[in-house]
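Have a look at the structure below, then the notes.
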Amino acid sequence: MSSIAVLGCMWGDEAKAKIVDVLGECADLVVRFQGGSNAGHTIYLNEDKYVFHSIPSGILYPETVCVIASGVVVDVFDLIEEITELEKKGISFKDRLLIDSRAALVLPLHKELDTANEDKSGKNKIGTTKRGIGPAYSDDRARTGLRLNDLYHKDYLKNRLQNLYQYHNQAITPKELTTLLNKLITAGQRLSQYVCQTDTYIRRRYLEGDQILFEGAQGTLLDITYGTYPYVTSSNTIAGGIATGAGIPLRMVDKVIGVYKAYCTRVGDGPFPTELHGKIGDRIRIQGNEFGATTGRPRRCGWFDAVAARYSAEINGVDRLAVTLLDVLTGLEEVKICTAYWTGNQRSEDYPADAFSLAAVQPEYLTMKGWDKDITACRKYKQLPKNAKEYLEAVADLLAFPIEIISVGRERIQTILMN
Ligand code: IMP
C-alpha cells in the first residue's frame with residue numbers, strides 16, 4: 001500500500017497539476033481534499049490545454065478514479081459545467097468520479113458575499129478569486145451552511161436556504177427562492193451518480209494496496225492557519241489537511257512531494273519579500289505565462305525564497321522536492337535565492353508567523369550565474385547546463401531535502417526524474 005501527497009509549497013500556482021499528471025500514471029485514485037473552484041490546475045497534453053478547477057487532474061488517465069473529498073467546497077453549477085466541458089473533450093466520468101456527500105456547498109450567495117466583501121474593503125481587500133470560498137467555509141464552520149447531501153431533502157433544503165439568507169441579512173423573494181431551490185435540486189440529480197461517502201472508499205482502497213495520490217490546491221503559504229493571515233485562503237492546504245479533508249488517518253500518507261517553482265509567484269494581496277518590480281519580474285511573468293488560470297490576473301513574480309520554502313517543507317514533512325518551470329529562468333544573466341531575512345540589523349533564517357513581520361523583512365540573497373542554453377529538451381539531469389545544476393543544488397541544500405522531479409516545460413514529457 002502506498003500514497004503520495006503532491007502539495008504546492010509556496011503561494012499556489014507551483015504547477016502541481018503537471019506533477020500530479022506525471023505521477024498520475026501510477027495512481028489508482030487521485031483525491032482533492034481542500035479548496036474549491038478557486039483552484040486552476042492547468043495541464044498541457046499533446047498540444048491540448050486542460051484547466052481543472054474542482055475535478056482532480058487525474059481524470060486525464062482513463063483508468064484513474066478521482067475523488068472530491070469532504071474537505072472540498074463544491075459549487076454544483078461550476079462543477080457540472082466543468083464535467084460537461086471535459087465530456088465534450090472525450091473524457092468519461094462514468095464510475096470514475098466520486099464526490100463526498102458531506103462536502104459543503106458554495107452557493108450563489110457565497111459568491112455575492114465574497115465579491116461584495118472584496119469590493120467594499122478597498123485597501124484592506126484580500127485579493128480573493130471571488131469564487132465564494134471564504135463565505136462557504138465560514139458558513140460550514142458556523143453550521144449555517146448547506147452540504148451536498150441536503151440537495152436530496154427538498155423541505156430541509158428550502159428551510160436551510162431561507163435560514164442562510166436570514167443569517168446573512170440578505171433578501172430573497174419567494175420566487176427567487178423557488179428558482180434557486182429547483183436549480184439546486186436539478187443539479188443534485190445530475191450529480192447523484194457520483195455522490196457517496198468517500199472517506200470509507202479511500203481507506204479501503206488504501207488497505208487493498210491501491211496507489212493513492214492526494215492533490216493539494218493553493219499552497220502552504222496560503223494555509224488558513226499557517227499562511228500569511230489574513231492574505232490566505234480559507235482551508236488547510238498543508239499536509240495535515242489531508243487527514244481531515246479526506247477522512248483518513250495520518251499514517252495513510254506515506255510520502256509528501258513538495259512542489260516549488262524555480263522562482264516565486266503570488267496572486268492577490270499580502271507580503272512577498274522577494275517580489276521583483278522591474279524588468280526581470282516582467283520578463284519572468286511573460287516567459288512563465290504567469291497569469292491566473294481562474295481569474296486571469298497577472299501574478300506577482302520574485303526570486304526563489306529559501307526561507308519561506310524551508311518553512312513549508314518542514315511544516316508539510318516533505319520527503320522530496322519537485323522543482324517546476326526551471327526553463328523560465330533560462331536567459332537570465334544571474335539568478336538569486338533568498339537565504340535569510342533582515343529586520344533592521346537582525347538576521348533570521350526563520351519564516352515569521354505573522355504578515356506584519358513578513359512585510360518588514362529585507363531579503364539577503366545568494367547570487368548565482370544564469371544559463372543560456374535552452375533546457376526544454378533535457379530529459380536527464382546531466383544534460384542540464386552546469387549553472388542550472390548548481391542552482392538546483394543550492395535549492396536542495398538550503399531546504400535540506402533532495403529533488404526528485406524537475407520540470408523543464410509544460411508538456412508531460414518535459415520532465416527530468418531523478419533516481
Ligand atoms: P480565495 O481562496 O478565493 O478566498 O482567495 C484567497 C487568497 O488565495 C487570494 O490571495 C487568492 O489569490 C489566493 N488563491 C486562491 N486560490 C488560488 C490558487 O489556486 N492559486 C494561487 N492563489 C490562490
Side-chain angles (χ1 to χ4, degrees), residues 6-20 32-43 50-57 71-75 78 82 104 106-107 109-119 121 123-141 145 215-238 241 245 259-261 263-272 275 285 288-302 308 312 324-325 355 358-359:
V6 176
L7 303 177
C9 282
M10 300 299 275
W11 286 286
D13 308 314
E14 298 89 353
K16 298 172 284 289
K18 151 106 193 232
I19 304 303
V20 171
R32 270 279 306 266
F33 57 92
Q34 49 74 224
S37 64
N38 49 348
H41 294 160
T42 310
I43 292 183
Y50 298 86
V51 182
F52 300 96
H53 294 290
S54 295
I55 308 274
S57 38
V72 177
V73 284
V74 175
D75 179 322
D78 281 357
E82 199 174 337
V106 182
L107 295 165
L109 175 62
H110 293 130
K111 284 186 169 161
E112 286 160 25
L113 292 171
D114 197 0
T115 306
N117 284 341
E118 284 287 282
D119 291 348
S121 296
K123 272 201 333 247
N124 296 324
K125 72 178 178 15
I126 306 294
T128 74
T129 59
K130 298 185 177 173
R131 294 287 178 127
I133 305 301
Y137 274 116
S138 308
D139 271 334
D140 193 48
R141 291 301 155 111
E215 177 182 28
Q218 291 80 48
T220 298
L221 305 178
L222 292 174
D223 183 276
I224 181 75
T225 316
Y226 297 99
T228 43
Y229 191 87
Y231 303 103
V232 291
T233 191
S234 297
S235 58
N236 283 116
T237 57
I238 61 170
V259 187
Y260 295 87
K261 260 180 199 166
Y263 49 92
C264 284
T265 60
R266 177 164 202 170
V267 251
D269 295 275
F272 181 4
E275 183 166 10
R285 183 174 309 108
N289 191 24
E290 294 295 357
F291 297 89
T294 303
T295 58
R297 290 181 290 177
R299 296 180 186 139
R300 301 155 66 194
C301 299
S312 67
T324 59
L325 292 122
L358 188 66

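Computed from heavy atoms alone, side chains included, the values below leave out hydrogens, waters and symmetry copies. Whatever order the structure lists them in is the order used to number ligands and atoms, beginning at 1.
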**Request:** Report the residues that fulfil salt bridge (Lys or Arg N to Asp or Glu O under 4.0 Å) with Arg299, sequence neighbours left out, ordered by chain and then residue number.
**Result:**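 For Arg299, the residues satisfying salt bridge (Lys or Arg N to Asp or Glu O under 4.0 Å) (neighbours in sequence not counted) are Asp13, Glu290.
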**Item:** Results of side-chain hydrogen bond (donor to acceptor under 3.5 Å, both in side chains) for Thr295 - residues two or more places apart only
**Value:** Arg297
**Item:** Non-neighbouring partners of Thr265 that pass side-chain hydrogen bond (donor to acceptor under 3.5 Å, both in side chains), sequence neighbours left out
**Value:**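 Only Lys261 meet the side-chain hydrogen bond (donor to acceptor under 3.5 Å, both in side chains) criterion with Thr265.
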**Item:** Modelled atom types, side-chain donor and acceptor of Ser312 and Tyr260, under 3.5 Å
**Value:**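 Yes.
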**Prompt:** For Arg131 and Val106, which heavy atoms make the closest approach, and how far apart are they?
**Reply:**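 Closest approach of Arg131 to Val106: O-CG1, 3.3 Å.
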**Message:** So which atom in Thr228 and which in Ala355 form the shortest heavy-atom distance, rounded to 0.1 Å?
**Reply:** O-CB, 4.2 Å
When you pair each N or O of ligand 1 with protein N or O atoms, which pairs come out under 3.5 Å?
{"from": "ligand 1", "atom 1": "2 (O)", "to": "Asn38", "atom 2": "ND2", "distance (Å)": "2.9"}
{"from": "ligand 1", "atom 1": "2 (O)", "to": "Thr233", "atom 2": "OG1", "distance (Å)": "2.6"}
{"from": "ligand 1", "atom 1": "3 (O)", "to": "Thr129", "atom 2": "N", "distance (Å)": "2.9"}
{"from": "ligand 1", "atom 1": "3 (O)", "to": "Thr129", "atom 2": "OG1", "distance (Å)": "2.5"}
{"from": "ligand 1", "atom 1": "10 (O)", "to": "Val267", "atom 2": "O", "distance (Å)": "3.3"}
{"from": "ligand 1", "atom 1": "12 (O)", "to": "Gly127", "atom 2": "O", "distance (Å)": "3.3"}
{"from": "ligand 1", "atom 1": "12 (O)", "to": "Val267", "atom 2": "O", "distance (Å)": "3.2"}
{"from": "ligand 1", "atom 1": "12 (O)", "to": "Arg297", "atom 2": "NH2", "distance (Å)": "2.9"}
{"from": "ligand 1", "atom 1": "16 (N)", "to": "Gln218", "atom 2": "NE2", "distance (Å)": "3.3"}
{"from": "ligand 1", "atom 1": "19 (O)", "to": "Asn38", "atom 2": "O", "distance (Å)": "3.4"}
{"from": "ligand 1", "atom 1": "20 (N)", "to": "Asp13", "atom 2": "OD1", "distance (Å)": "3.0"}
{"from": "ligand 1", "atom 1": "20 (N)", "to": "Asp13", "atom 2": "OD2", "distance (Å)": "3.4"}

